[in-house]
Enquirer: 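This is the structure I have questions about; it appears just below.
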Number of protein chains: 2
Amino acid sequence: MADVILKSGETPDRPHGRTGRLIAEPLSVDDRPEITFVELLFFAYRDFISDPDTVLAAYGFGRAHHRVVHFVNRHPGIRVADLLDILNITKQSLGRVLKQLIDGGFIEQVQGPQDRRQRLLYPTESGRALALRLMAPQERRIAEALDSLSPEERKGAELFLRQVVDGDQRDMVARLIGQ
Amino acid sequence: MADVILKSGETPDRPHGRTGRLIAEPLSVDDRPEITFVELLFFAYRDFISDPDTVLAAYGFGRAHHRVVHFVNRHPGIRVADLLDILNITKQSLGRVLKQLIDGGFIEQVQGPQDRRQRLLYPTESGRALALRLMAPQERRIAEALDSLSPEERKGAELFLRQVVDGDQRDMVARLIGQ
DNA sequence: AAAAATATGTCAACATGGCTGACGTAATTT
DNA sequence: AAATTACGTCAGCCATGTTGACATATTTTT
């Protein structure tokens, strides 16, 4: 039982005679200004990924499917290994959702022309349509957010996000996104 | 079996005689400039949350514990219901990780002084130490990212993230973060 | 005073999407 | 011929989210 609930008569600082065990002083933005961005990243991302969930639910898919559909549409003919690198997951994890997407007719595999061990992934027309439907609310959200920013402020938002990416991944990300 | 693997002799556009079923044209940033931010948010957040994982593993904790420890440290005395609002999860989900954090001595509950139904959550000294350890690499990452930005660019990064948050949540987020 | 609403906790069952480890197969490289 | 590579699969585990139902203490409303 963790049911040690202190009574209200005892101040948090000196509960039950256990002097000084509890801390009432908040971690403050004044002391640590980076907290602002730590929390903004949390809240912004929380809401940003909630957009496509309604659409996904209608297909019986989850966020993992979204990520796969997105990057296959962004890079038709991508190799499985490269997709794994982007998503930072194991092939077993990818395997499950990929199978469902293939069975559902959203993605197809093509044997690699030079190296026939490769299974290159392409979206079908439904797969492309799904990707666009999933991204639409996110594009709207981003566009509205950028609307209120000056050109330099927009540049700042982009630069900031690029710098938050791991140093040894920045080149790869830049290549993936393109100019 | 979904083992319909097209042979390499067939172009992706006309595989197996199924004319036009596959799409070889990438979704492009040129057509949809917001994709840049969609993907930057994905990659930035992916790396940003990977920071504390090593620390968490040492304690046998996961990312859910991190979020709880963080917000309890930011708002000592927070009510369970308010924590649920911030995290957007169910009380059952919270219950599990909260119990572990209480059992481990990182968080304690105090009965509400006015309303004795409430269980106000406070960090212990270990809980505060854990929160700081978890946030340290993220603060470093943010500080380095901001280093390369001008003041207006920094403002842009912050404004952008604030605008990405759901419109009806912005005030709450602003209040939670403070000036 | 009784009834209703609130804050919280708990039990049980289930789904998603990560993970590891082991093994198999086809194709390519050495 | 042997080793490596690219990929797939089976099996099981774990973390963390969900819903639904119900219990308890406390406060608010009637």
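Just so we're on the same page: letters track the sequence lines, and every chain starts at 1.
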Enquirer: Using atom CG of A:Leu56 as one end and atom P of C:dA15 as the other, report the distance to the nearest whole Å.
Expert: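 Going from A:Leu56 (CG) to C:dA15 (P), I get 18 Å.
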
Enquirer: According to a strict under-4.0 Å criterion, is B:Thr90 in side-chain N/O contact with OP1 or OP2 of D:dG17?
Expert: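 Indeed not, no polar side-chain atom of B:Thr90 lies that close.
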
Enquirer: What is the distance from CG of A:Asp53 to P of D:dT18, rounded to the nearest Å?
Expert: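 Rounded to the whole Å, the gap is 11 Å.
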
Enquirer: Tell me whether the centres of the aromatic rings in A:Phe71 and B:Phe42 are closer together than 6.0 Å.
Expert: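 Judged by ring-centre distance (under 6.0 Å), A:Phe71 and B:Phe42 do meet the cut-off.
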
Enquirer: Measure CD/B:Gln109 against P/D:dA25 and give the value in whole Å, please.
Expert: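 B:Gln109 atom CD is separated from D:dA25 atom P by 16 Å.
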
Enquirer: Nearest whole angstrom, please: distance from the P of D:dA15 to the CZ of B:Phe61.
Expert: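 After rounding, the reported distance stands at 11 Å.
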
Enquirer: Using whole Å, what does the distance between atom C1' of nucleotide D:dT26 and atom CD of B:Gln118 come to?
Expert: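 In whole Å, D:dT26 C1' and B:Gln118 CD are 10 Å from each other.
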
Enquirer: Parallel under 30°, tilted from 30 to 60°, perpendicular over 60°: which one fits the rings of B:His66 and B:His70?
Expert: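 Ring orientation of B:His66 relative to B:His70: perpendicular.
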
Enquirer: Does C:dG17 have OP1 or OP2 sitting under 4.0 Å from an N or O in the side chain of A:His65?
Expert: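 Answer is yes, contact under 4.0 Å.
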
Enquirer: Going by the rule side-chain hydrogen bond (donor to acceptor under 3.5 Å, both in side chains), which residues pair with A:Asp53 if we only count those two or more places apart in sequence or in a different chain?
Expert: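 Counting only residues at least two positions away or on another chain, A:Asp53 forms a side-chain hydrogen bond (donor to acceptor under 3.5 Å, both in side chains) with A:Arg63.
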
Enquirer: Using a cut-off of strictly less than 4.0 Å, decide whether A:Ser93 has a side-chain nitrogen or oxygen near OP1 or OP2 of C:dG17.
Expert: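 For C:dG17, OP1/OP2 do not have a side-chain N/O of A:Ser93 under 4.0 Å.
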
Enquirer: Considering just the side-chain nitrogens and oxygens of A:Arg79, establish if one lies under 4.0 Å of OP1 or OP2 belonging to D:dA6.
Expert: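 Looking at the OP1 and OP2 atoms of D:dA6, one of them is under 4.0 Å from a side-chain N or O of A:Arg79.
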
Enquirer: Scan nucleotides 27-30 of chain C against the protein and return all N/O pairs shorter than 3.5 Å with their distances rounded to 0.1 Å.
Expert:
| from | atom 1 | to | atom 2 | distance (Å) |
| --- | --- | --- | --- | --- |
| C:dT28 | OP1 | A:Gln114 | O | 3.3 |
| C:dT28 | OP1 | A:Arg116 | N | 3.2 |

Enquirer: What nucleic acid atoms does A:Asn88 come within less than 4.0 Å of, heavy atoms only: base, sugar-phosphate, or nothing?
Expert: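 A:Asn88: backbone/sugar contact only, no base atoms under 4.0 Å.
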
Enquirer: Rounded to whole Å, how long is the line connecting atom CZ of A:Arg46 with atom P of D:dG17?
Expert: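 Going from A:Arg46 (CZ) to D:dG17 (P), I get 13 Å.
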
Enquirer: Are any side-chain N or O atoms of A:Asp82 and backbone N or O atoms of A:Ile78, one a donor and one an acceptor, separated by less than 3.5 Å?
Expert: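 No, the answer is negative, given that no donor and acceptor are paired below the 3.5 Å cut-off.
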
Enquirer: Between D:dC7, D:dG17, C:dG9, which nucleotide has the shortest distance from any of its atoms to the side chain of A:Ala81?
Expert: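 Output: D:dC7.
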
Enquirer: Return yes if some donor-acceptor pair links the side-chain N/O of B:Arg141 with the main-chain N/O of A:Val164 below 3.5 Å, else return no.
Expert: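 Such a contact is found between B:Arg141 side chain and A:Val164 backbone.
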
Enquirer: Say whether, by atom type as modelled, one donor and one acceptor occur between the side chain of B:Arg74 and the main chain of B:Leu176 under 3.5 angstrom.
Expert: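 Yes; at least one donor-acceptor contact below 3.5 Å.
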
Enquirer: To the nearest Å, how far apart are B:Leu98 CG and C:dT10 C1'?
Expert: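 Going from B:Leu98 (CG) to C:dT10 (C1'), I get 13 Å.
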
Enquirer: Measure from CG on A:Leu120 to C1' on D:dC7 and round the result to the nearest Å.
Expert: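 Nearest whole value for this atom pair: 12 Å.
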
Enquirer: Kindly indicate whether the side chain of A:Arg96 and the base of C:dG18 share any N or O donor-acceptor pair separated by less than 3.5 Å?
Expert: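 Yes.
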
Enquirer: For the rings on A:Phe160 and B:Phe160, is their centre-to-centre separation under 6.0 Å?
Expert: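 Ring centroids of A:Phe160 and B:Phe160 are no less than 6.0 Å from each other.
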
Enquirer: Could you say whether B:Asp82 or A:Ile89 is positioned toward the 5' end of DNA chain C, judged by the nucleotide with the nearest heavy atom to each?
Expert: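 It is B:Asp82, whose closest nucleotide lies nearer the 5' terminus.
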
Enquirer: I'd like to know if the side chain of A:Asp166 and the backbone of A:Asp168 have a donor-acceptor N/O pair within less than 3.5 Å.
Expert: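 No; judged by distance alone, with no hydrogens or angles, the pair does not exist.
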
Enquirer: Measure all distances between protein nitrogen or oxygen atoms and nitrogen or oxygen atoms of nucleotides 21-23 of chain C, and list the pairs falling under 3.5 Å.
Expert:
| from | atom 1 | to | atom 2 | distance (Å) |
| --- | --- | --- | --- | --- |
| C:dG21 | O6 | A:Gln92 | NE2 | 2.8 |

Enquirer: Are any side-chain N or O atoms of B:Arg170 and backbone N or O atoms of B:Val165, one a donor and one an acceptor, separated by less than 3.5 Å?
Expert: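 A pair under 3.5 Å: yes.
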
Enquirer: Identify whether any heavy atom of B:Gly62 sits under 4.0 Å from a base atom; if not, whether one sits that close to sugar-phosphate; answer base, sugar-phosphate or nothing.
Expert: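 Contact class for B:Gly62: sugar-phosphate only.
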
Enquirer: Tell me whether B:Arg46 contacts the main-chain N or O of B:Leu41 through its side chain, where contact means a donor paired with an acceptor under 3.5 Å.
Expert: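 Checked: no pair found.
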
